[in-house]
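What follows is one structure encoded as structure tokens, with my remarks underneath.
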Amino acid sequence: MNSVRRKRLNRVLEVKEDLPKKQVGIVPDIEDFRYVKTGAKTSVTAKRVPASLNKNSSPGVKEVKCEPSVSFDYSKSEMNSVERKRLNRVLEVKEEHPKEVGAVPDIDDFRYVKTEARTSVSTKRVPASSNKNSSPVRLEKKIRVSSVVKVEVAAPENWEAVLAGIKNIRLSGQAPVDTKGCEKAGSLLPPKERRFAVLISTMMSSQTKDEVTHAAVERLGENGLLDPDAIVRTDEATLANLIKPVGFYQRKAQFIKEASRICLERFGGDIPDTLTDLLALKGVGPKMAHLVMSIAWKNTQGICVDTHVHRISNRLGWVFREGTKQKTTTPEQTRMSLEKWLPKDEWEPINPLLVGFGQTICTPLRPKCGSCGINTICPSAFKEASSPNPKQKKRGLGPT
């Protein structure tokens with residue numbers, strides 16, 4: 001071995017002169033190393049040589065590949081903890097180059113041990129027979145594991161008293177939604193036909209009063225068009241004239257005909273039974289999909305939020321935009337905010353409850369706070385212009 005190769009080996013091993021060789025235990029003799037030159041780097045290997053062939057060989061040497069650091073398999077050697085620590089100091093295997101050492105463990109070998117401030121991840125040694133890619137070097141690292149923490153949202157103050165007050169106001173059942181809402185569509189039809197009637201009624205209800213939607217559903221029924229096959233065979237112009245004056249009746253006629261075709265082709269004449277499939281229909285949004293799931297399939301997966309639920313929830317201070325104390329600006333924001341704290345058994349009845357309350361008392365313009373039973377606990381009571389006194393209104397319209 002010439003002096004150049006000896007210097008290279010000394011740089012790799014970094015054997016310290018102050019440690020006796022007998023304490024290390026398994027560091028091979030210098031003569032047992034051979035060099036195999038590969039391109040830009042030199043790999044150093046040490047093989048076990050029978051004693052009969054090499055008297056100077058060390059019985060503790062095992063095959064080692066060092067690129068560019070040195071690692072020894074001492075899993076089966078008889079070493080105590082002190083000797084192992086000394087060997088680690090001699091070898092100085094650096095953790096920041098696991099790729100070069102060739103000791104990156106498989107993802108399945110990691111185990112997580114959770115501590116207060118951080119999570120430590122360590123790798124276990126896997127037998128070579130079970131993992132061909134395993135390395136004899138043990139690596140231990142500590143990394144920070146970030147996880148999404150679900151923040152509990154506190155329910156609004158007095159929400160139960162407010163809800164009970166609204167339920168008490170709504171006992172009369174005199175709101176349009178109580179007699180002409182989407183829930184009443186096809187009430188006398190068989191289950192399958194009723195589900196289709198609920199879907200059609202819901203698609204027409206957007207930006208349309210319940211009375212207008214209910215009348216359109218009745219006209220379709222009178223003409224035998226509460227059936228997907230019959231609607232597909234009807235031209236759009238006829239369909240549009242039948243549902244007029246529903247808001248955007250021409251576009252809705254197009255959406256209803258396309259939805260009917262999909263129901264026939266994909267669902268055997270029935271309607272979709274999942275939110276995903278319902279939302280895939282043109283003209284069906286989150287509010288409609290949740291309403292259909294609740295009414296038609298009796299499977300409430302979310303709160304149906306229309307303009308009344310959106311408006312009243314903000315007036316009551318029940319909903320806020322994510323991470324703020326500001327009012328929600330869309331029905332979908334309102335739905336997500338409500339679902340964070342409202343008990344699930346209230347998800348289905350909250351829609352007709354607040355819709356009827358909004359149609360009769362908490363109207364969009366000039367709410368009737370004077371006759372509202374919760375005006376003492378409502379945070380928005382009397383803060384908007386109230387409806388004029390009927391006598392004053394009548395006097396103002398009379399002759400001068």
Side-chain angles (χ1 to χ4, degrees), residues 150-184 187 202 205 209-211 286-288 290-295 297-322 324-387:
K150 187 177 180 180
V151 179
E152 295 292 334
V153 177
E157 186 179 358
N158 295 332
W159 75 270
E160 291 175 307
V162 172
L163 188 62
I166 296 175
K167 288 180 179 179
N168 186 56
I169 296 171
R170 293 280 287 111
L171 287 176
S172 62
Q174 295 179 353
V177 70
D178 298 325
T179 56
K180 298 180 180 180
C182 295
E183 296 87 346
K184 307 301 178 182
S187 56
T202 305
S205 67
K209 292 184 177 181
D210 286 336
E211 302 94 318
K287 166 234 171 179
M288 301 178 191
H290 284 293
L291 187 60
V292 171
M293 289 297 295
S294 294
I295 300 173
W297 293 109
K298 304 297 181 185
N299 182 9
T300 303
Q301 297 186 18
I303 299 173
C304 173
V305 177
D306 68 349
T307 181
H308 295 289
V309 179
H310 173 60
R311 178 182 70 255
I312 295 170
S313 295
N314 275 288
R315 283 180 176 175
L316 295 175
W318 282 2
V319 292
F320 301 99
R321 274 185 276 175
E322 185 74 26
T324 71
K325 286 295 182 180
Q326 299 177 347
K327 293 182 177 182
T328 58
T329 56
T330 65
E332 189 63 9
Q333 290 178 357
T334 298
R335 180 187 68 81
M336 292 187 292
S337 184
L338 275 176
E339 290 177 358
K340 289 179 180 179
W341 62 267
L342 188 67
K344 198 164 185 179
D345 57 353
E346 298 287 354
W347 287 11
E348 181 180 356
I350 196 68
N351 176 266
L353 184 74
L354 295 187
V355 169
F357 182 59
Q359 290 173 339
T360 57
I361 301 294
C362 199
T363 51
L365 299 176
R366 293 186 287 274
K368 302 172 184 177
C369 297
S371 58
C372 180
I374 61 169
N375 57 18
T376 58
I377 54 177
C378 174
S380 299
F382 303 104
K383 291 186 178 179
E384 296 184 30
S386 300
S387 299

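Computed over heavy atoms, backbone and side chain alike; hydrogens, waters and symmetry mates excluded.
The closest side-chain heavy-atom distance from Ile303 to His290 is not below 4.5 Å. For the pair Phe320/Thr328, no side-chain contact is recorded, criterion being any heavy-atom separation below 4.5 Å from C-beta on. No side-chain heavy atom of Gln333 sits under 4.5 Å from any side-chain heavy atom of Val319. Within the 4.5 Å cutoff, side-chain heavy atoms of Leu338 are placed close to those of Val309. Within the 4.5 Å cutoff, side-chain heavy atoms of Pro352 are placed close to those of Glu183. With a 4.5 Å cut-off on side-chain heavy atoms, Glu322 and Lys340 count as touching. At a threshold of 4.5 Å between non-hydrogen side-chain atoms, the residues Phe357 and Arg170 count as touching. Contact annotation: the side chain of Pro367 approaches that of Arg315 to within less than 4.5 Å [non-hydrogen atoms, C-beta and beyond].
Closest approach of Gly370 to Phe382, counting heavy atoms only: N-CE2, 3.8 Å. Across Pro364 and Gly358, no two heavy atoms sit closer than the pair CD-O, 4.3 Å. Here the closest non-hydrogen pair linking Ser205 and Cys182 is CB-SG, 3.9 Å. Nearest heavy-atom pair, Arg366 versus Thr363, reported as atom, atom and distance to 0.1 Å: O-OG1, 3.3 Å. Closest approach of Trp341 to Trp318, counting heavy atoms only: NE1-O, 3.1 Å. Pro176 and Gln359 make their closest contact through CD-OE1, 3.0 Å (heavy atoms, listed as atom of the first residue, atom of the second, distance).
Between Ile374 and the options Asn168, Leu316, Ile361, a side-chain contact (heavy atoms from CB on, under 4.5 Å) holds for only Leu316.
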Discussion item. One pair to check against side-chain hydrogen bond (donor to acceptor under 3.5 Å, both in side chains): Glu384 and Ser380. What are the steps and the verdict?
Written reply: CA-CA 8 Å; Glu384 296 184 30; Ser380 299; 5.8 Å; no
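Judged purely by distance below 3.5 Å, without hydrogens or angles, the side chains of Ser313 and Thr334 never pair a donor atom with an acceptor atom.
Between Lys344 and Glu339, no side-chain nitrogen of the basic residue sits less than 4.0 Å from a carboxylate oxygen of the acidic one, so the salt-bridge criterion is not met. Note on Asp210 versus Lys184: no salt bridge recorded, every NZ/NE/NH1/NH2 to OD/OE distance being 4.0 Å or above.
Atom OG1 of Thr202 sits about 4.5 Å away from atom CG of Leu291, to the nearest 0.5 Å.
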